[in-house]
Amino acid sequence: MRITGNSLTRRRFGAIMAAGLLATGLGACANSDTGSGGGGNDDGKIVLGFSQVGAESGWRTANTTSIKEAATEAGIELKFDDAQQKQENQIKAIRNFIQQKVDVIAFSPVVESGWDTVLKEAKDANIPVILTDRAVDSADKTLYKTFLGSDFIKEGRLSGEWLLEETKSATGPVNIVELQGTTGSAPANDRKKGFAEAIAANPNLKIIASQSGDFTRAGGKAVMEQFLKANPKIDVLFAHNDDMGLGALEAITAAGKVPGKDIKIITIDAVKDGMQALADGKFNFIAECSPLLGPQLMDLVKKVKAGEQVPERIETQETTFTQQSAKEALPNRKY
């Protein structure tokens, strides 16, 4: 068969083009496997896996919003999980984050105990862990890089100290009921401890009933109803968070008593609804626990990803509120 010059030229051109396309294809495959660090992300973004306790209160909702907004502002890719207040859900989420090879894991533990195994798995995978809001009771402090949050014992102590001052002229027993947070959680354990230590200075102050309301309004209402039926004389309610206190308000009102007067109410958090109740005279004192941890968390995520040393514990700056100071603070309250 005769091959003309033009035909030969066309065949050579076709072969060159095919080789070029093959090389381009191989190059594209090679690029898809590079730079795929944590989370399989190849755009240079840090990937953060965050497991939230749930959405049990106004505080938690504000905390979640702060974390999501701060991640966006910091250019961090956030893989968010809601544990619905179940430890088994958080452990599953952390293992999923490890499997996805995220760069950093952060979580707010539902309870204090039972984390060593999954935290060891994260450590073995070289994924640093940050605790937010709530601590764990692990003896091995190398399983996590740092804790970011509040001093819950101090919050309980400040609540007790206010009551000491408020009742210093009392000559008889002052009956206190306590709405505890989620059983086994760090804030429930520590707030109870701090409050009890403070009021021990006055033997007239007696906790006559203490039960978990699980940090929810519904729980606070239900338990307060039980307290009121079982105890004809209640002088003070100490609730471990605003939401339980707000639920208790309903029960107190339904029982024909005046909240803030017949029963003095002390809570912790200082979310808007709680602050409004304080300003309205239905609550008497609130120890603040700020949920706006997002910006600080993202700063820590960047530092631990870069291998920088960070403090073992970082506490948020908080204050306390009376009825008057709540009125002054409410117009500018962010949560």
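For clarity, every value in this text was computed on a predicted model and none was experimentally measured.
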Going by atom type alone, with no hydrogens or angles, which donor-acceptor pairs under 3.5 Å involve a side-chain atom of residues 68-76 and a protein atom two or more places apart or on another chain?
from: T72; atom 1: OG1; to: K68; atom 2: O; distance (Å): 3.2

Which pairs of donor and acceptor atoms, one on a side chain in residues 128-135, lie under 3.5 Å apart (sequence neighbours left out)?
from: D133; atom 1: OD2; to: R60; atom 2: NH1; distance (Å): 3.1
from: D133; atom 1: OD2; to: R60; atom 2: NH2; distance (Å): 2.9
from: D133; atom 1: OD2; to: S108; atom 2: OG; distance (Å): 3.3
from: R134; atom 1: NH1; to: V110; atom 2: O; distance (Å): 2.9

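Applying the side-chain hydrogen bond (donor to acceptor under 3.5 Å, both in side chains) test to residues at least two apart or on different chains, the pairs with a partner in residues 291-304 are D299-K303. Here ring pair (Phe, Tyr, Trp, His ring centres under 6.0 Å) pairs that include residues 166-193, with residues two or more places apart or in two chains, number zero.
Residues forming a side-chain contact (heavy atoms from CB on, under 4.5 Å) with D262 (at least two apart in sequence, or on another chain): K257, V258. In this structure, the salt bridge (charged side-chain N to carboxylate O under 4.0 Å, His left out) partners of E165, at least two apart in sequence or on a different chain, are K168. Every residue meeting the side-chain contact (heavy atoms from CB on, under 4.5 Å) condition with S66, not counting sequence neighbours, appears here in chain and number order: L292, P295. Applying the ring-ring contact (aromatic ring centres under 6.0 Å, His included) test to W59 and every residue at least two apart in sequence or in another chain returns nothing. Applying the salt bridge (charged side-chain N to carboxylate O under 4.0 Å, His left out) criterion to D235, with sequence neighbours excluded, gives K233.
Other members of a hydrophobic cluster containing F152 are absent, since no ILVMFWY side chain comes under 4.5 Å of it, directly or through relayed contacts. Through side-chain heavy atoms spaced under 4.5 Å, either directly or across other Ile, Leu, Val, Met, Phe, Trp or Tyr residues, V236 is tied to W162, L163, L164, V174, I176, F195, I199, L205, I207, F238, I266, I268, F285. Taking a 4.5 Å side-chain heavy-atom cut-off between Ile, Leu, Val, Met, Phe, Trp and Tyr, the cluster of L278 extends to V177, L179, I208, F215, V223, M224, F227, L228, I234, L237, M244, L246, L249, I252, I263, I265, M275, F283, I286, F321, L330.
Ion pairing between K120 and D116 fails under the 4.0 Å rule for side-chain N and carboxylate O.
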